[in-house]
2 protein chains.
Amino acid sequence: MTGARGYHHGDLRRVLLTAAVVAIEESGPAALSLRDLARRAGVSHAAPAHHFGDKPGLLTALAVEGFDLLAAALQTGDSLLEMGVAYVDFAVRRRAHFEVMYRPDLYRVDAPEVVAARGRSRAVLRSAVADLPPGPGAVGGVAGDALAAWSIVHGFATLWNAGALPDEAGDDPRAAARVVIRRLFGSRVDARGRAAPPARSPRTPA
Amino acid sequence: MTGARGYHHGDLRRVLLTAAVVAIEESGPAALSLRDLARRAGVSHAAPAHHFGDKPGLLTALAVEGFDLLAAALQTGDSLLEMGVAYVDFAVRRRAHFEVMYRPDLYRVDAPEVVAARGRSRAVLRSAVADLPPGPGAVGGVAGDALAAWSIVHGFATLWNAGALPDEAGDDPRAAARVVIRRLFGSRVDARGRAAPPARSPRTPA
DNA sequence: CGGCATATCTTGTCAATGGCAAGATATGCT
DNA sequence: AGCATATCTTGCCATTGACAAGATATGCCG
């Protein structure tokens, strides 16, 4: 672990991953080139292969990191509303990770590390929705609430990142997300659900 | 316009576009290869370039077609609920088009034909939302309603296509979408808005 | 300290791709 | 008939992903 640039780079794996984030933010995941990453890191064109095997391998590592970062980001919001805002905020600020995570044709979605990390982030969302006081039109129960919440927040984030939203949406994704989420859940969503009701939530997220 | 396979193919442009749809459905838009399309169409590897210039050019044409198909599909539903279901249905059945449409790094989003076609599909959604009876928690007015509706429907469709939804979502995207949409708008959404109120909607989409 | 197994990185190579240029062939217009 | 143009082909080059073989550093064990 020298960190210097001898024959052994020191922390090439990490350097390549952050270089990938930069490159994806510049030109999207489709245009990602392993050789370009190697150039940015100052190593030979075949060095990345040792750490990640191939391109899907690198993006798999990036997706795993993304799901873990997402789980951590979601933990910070204590109400479902704030958790939704955190989801959108994650998608916008860690755009490269987010774009890869939901593009199954780019990496190995079934890799065990991916399944585990995705499960972790999903558990966080689930526990927050489970603590939500039941609303009037609760057709599908908790699963329906979770699906609706996830959908609206994911859709908003995706459309925002794609630049598909008209100008009226403003330039603050967090504020705009807040309005949209409140429209789904009304004021139910402001309750600090995850702490207030003593019973109802059997799963504490690890 | 012979349709036969002489030197002139007859309808190569259309053949290439549908071949692209097939290829994208098989392996995703990232793996799309112009040369592979040419092979499928039985022409030389440089033939596609004449019709579309380059790869982004081909995907631009596909996106335009997609936005027009989407606008047409949305017209069929007469309530906002059914329009949302139609959106999801479009995303699932015309998956290749849909995946390209919201991937700005793959094609020329600012091409005038794209802007026009996207505007057409957006107008259809807008007119339906405008006719919706105002609900209780209407914070942002019509624009907020439209944003929320579009977000939830787009997010659901995207997650469905990405295979990100857990099994509880079932195997019928239309039914699951219906549940989710109703959770956003309640019973307001069942009103046959676009026909009932005589005023309010000045734009008849072409 | 010496020596070997291993991890890490490099160099060299190959097939496939996107894109360009130049040429061949069909079509339409007058 | 004859020319302009649209359509398609062949040939070429730089870049890329992937693999193989070799070079160099690191750790381990005596």
Separation of L32(B) atom CG from dA16(C) atom P, in whole Å?
17 Å

P56(B) has its side chain closest, among dA18(D), dT10(D), dG19(C), to dG19(C)

Could you tell me the separation between the CZ atom of R40(A) and the P atom of dT16(D), rounded to a whole number of Å?
11 Å

Step by step, would you call L17(B) with V21(B) a side-chain contact (heavy atoms from CB on, under 4.5 Å)?
CA-CA 6 Å; L17(B) 281 178; V21(B) 168; 5.9 Å; no

Just compare dT16(D), dT11(C), dG17(D) and give me whichever is closest to any side-chain atom of R39(A).
dT16(D)

How about CZ on R14(A), more than 12 heavy atoms from neighbouring residues, nucleotides or ligands closer than 6.0 Å, or not?
yes

In degrees rounded to 10°, what angle is found between the helical axes fit to the five outermost pairs at each end of the helix from dC1(C)-dG30(D) to dT30(C)-dA1(D)?
10°

Look at the side-chain N and O atoms of S33(A) and state whether any lies under 4.0 Å from the OP1 or OP2 oxygen of dT15(D).
no

When all nucleic acid strands are considered with a 4.0 Å heavy-atom cut-off, which category describes A49(B): base, sugar-phosphate, or nothing?
nothing

Taking the inter-plane angle between the rings of Y87(A) and Y102(A) on a 0 to 90° scale, is it parallel (under 30°), tilted (30 to 60°) or perpendicular (over 60°)?
tilted

Between dT15(D) atom P and D36(A) atom CG, what is the distance in whole Å?
12 Å

To the nearest Å, give me how far apart CG (L37(A)) and P (dG17(D)) are.
8 Å

Got a second to check how far R13(A)'s CZ is from F52(A)'s CZ, nearest 0.5 Å?
4.5 Å

Do other residues, nucleotides or ligands put more than 12 heavy atoms under 6.0 Å from the CG atom of D172(B)?
yes

More 5' along DNA chain C: H51(A) or R35(A), using each one's nearest nucleotide?
H51(A)

Rounded to the nearest Å, what distance is computed from the NE2 atom of residue H50(B) to the P atom of nucleotide dA21(C)?
16 Å

Atom pair distance, as rounded to whole Å: CZ in F52(A) and C1' in dA18(D):
16 Å

Heavy atoms only, 4.0 Å cut-off, all strands: where does L58(A) land among base, sugar-phosphate and nothing?
nothing

Look at the rings of W150(A) and H154(A) and say which category their plane angle falls in: under 30° parallel, 30 to 60° tilted, over 60° perpendicular.
perpendicular

Which of the following nucleotides, dA18(D), dT9(D), dG19(C), is nearest to the side chain of S44(B)?
dT9(D)

Gap between atoms NE2 and P, on H45(A) and dT16(D) respectively (whole Å):
11 Å

Picking from dG17(D), dG19(C), dC8(D), the nucleotide nearest the side-chain atoms of L34(A) would be dG17(D)

Would you classify R13(A) as touching base, sugar-phosphate or nothing, given that sugar-phosphate means primed atoms plus P, OP1 and OP2, and contacts are heavy atoms under 4.0 Å?
nothing

What is the separation between atom CG on D54(A) and atom C1' on dG17(D), rounded to the nearest whole Å?
9 Å

Minimum side-chain heavy-atom gap V88(A)-R174(A) below 4.5 Å
no

